[in-house]
Amino acid sequence: MKRRAASTRCRRSATTRRRSCSAERVRSARGRRMTLPQVSVCYLLRERGGRTEVLLGRKLRGFGEGYVVGPGGKLEPGESTAEAAARELLEETGFRVETSALEYRGRVTYLFPHRDAWSLESNVFVSRRFGGEQVASDELALEWFDVDEVPFAEMWDDARRWLPGVLAGGRASGTFVYGRDLATVVEAPTPVA
Ligand SMILES: Nc1[nH]c(=O)nc2c1ncn2[C@H]1C[C@H](O)[C@@H](COP(=O)(O)OP(=O)(O)OP(=O)(O)O)O1
């Protein structure tokens, strides 16, 4: 699963370099100047039987194929982070959300010093107010999960370190550095006690 993600992202590296309008320059973990693509992700929450559920999806193609992720993707030229979150949500799930109904929960950075083209910054949003109908997408196999049963073992390794706090109503921040295997976080922000 993770090997396939690797080869896909390689092919996309030229695309990520072109999208500098939505990217910020930072210094990589190796000290090089680099430009990180910006993505926005939106976690929809709903109540069912007295429990809170979150909408996630298994990536069916492209970067991160096989991983369970929140609906989201790269900013398009001129888009705000909230606009990108709403657009990607509609494209990937069929659900509509007003940008005013999006709760901004912070920005997390993923660094891959051994594969710079995979590094990115993710703007995290949550919403409980949405409309429309869930549609099948060729990008994500969607599934609602109880927030206490999120399948972290099938997600990017960083998610288990910051997503529980976001789903509990908190914020996310900091930089997560992946190791040589491109699958394991080797440096993460120290959790606040
Ligand atoms: N380290 C990481 N941790 C995480 O939890 N989700 C990640 C992640 N890295 C990427 N994602 C998810 C967030 C979002 O769902 C998606 C964004 O990557 P994509 O390259 O698929 O963006 P796009 O949907 O814009 O791609 P295209 O539309 O194919 O250009 O991947």
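Ligands are counted one by one from 1 in listed order, and the atoms in each one are counted from 1 as well. Quick caveat: nothing in here was measured; it's all calculated off a predicted structure.
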Have a look at Phe176, Trp162, Phe63 and point out the one with the heavy atom closest to atom 18 (O) of ligand 1.
->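 When every heavy atom of Phe176, Trp162, Phe63 is considered, Phe63 comes closest to atom 18 (O) of ligand 1.
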State whether the shortest distance between N or O atoms of [X] and N or O atoms of ligand 1 falls below 3.5 angstrom.
{"X": "Arg61", "result": "no"}
{"X": "Asp158", "result": "yes"}
{"X": "Tyr43", "result": "no"}
{"X": "Gly70", "result": "yes"}

side-chain contact (heavy atoms from CB on, under 4.5 Å), paired with Tyr178, selected from Val185, Val186, Thr184 |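 So the option named by the test is Val185.
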Can you tell me how far OH of Tyr110 sits from CD of Glu121, rounded to the nearest 0.5 angstrom?
-> 10.5 Å
From Gln38 CD over to Ser80 OG, what is the distance, rounded to the nearest 0.5 angstrom?
-> 11.5 Å
Aromatic Trp144 / basic Arg48 pairing, under 6.0 angstrom, 45° off normal | no
Within a strict 4.5 Å, meaning less than it, do heavy atoms of the Thr52 and Glu47 side chains meet?
->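 The answer is yes; the side chains approach within 4.5 Å.
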pair Leu142-Gln134: side-chain heavy atoms closer than 4.5 Å =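 SC-SC contact between Leu142 and Gln134 confirmed.
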Compute the minimum heavy-atom distance from Glu91 to ligand 1 and say whether it is under 4.0 Å.
->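 No heavy atom of Glu91 comes that close to ligand 1.
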Taking only heavy atoms of Glu92, which atoms of ligand 1 are found under 4.0 Å from at least one of them?
->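 Close to Glu92: 24 (O).
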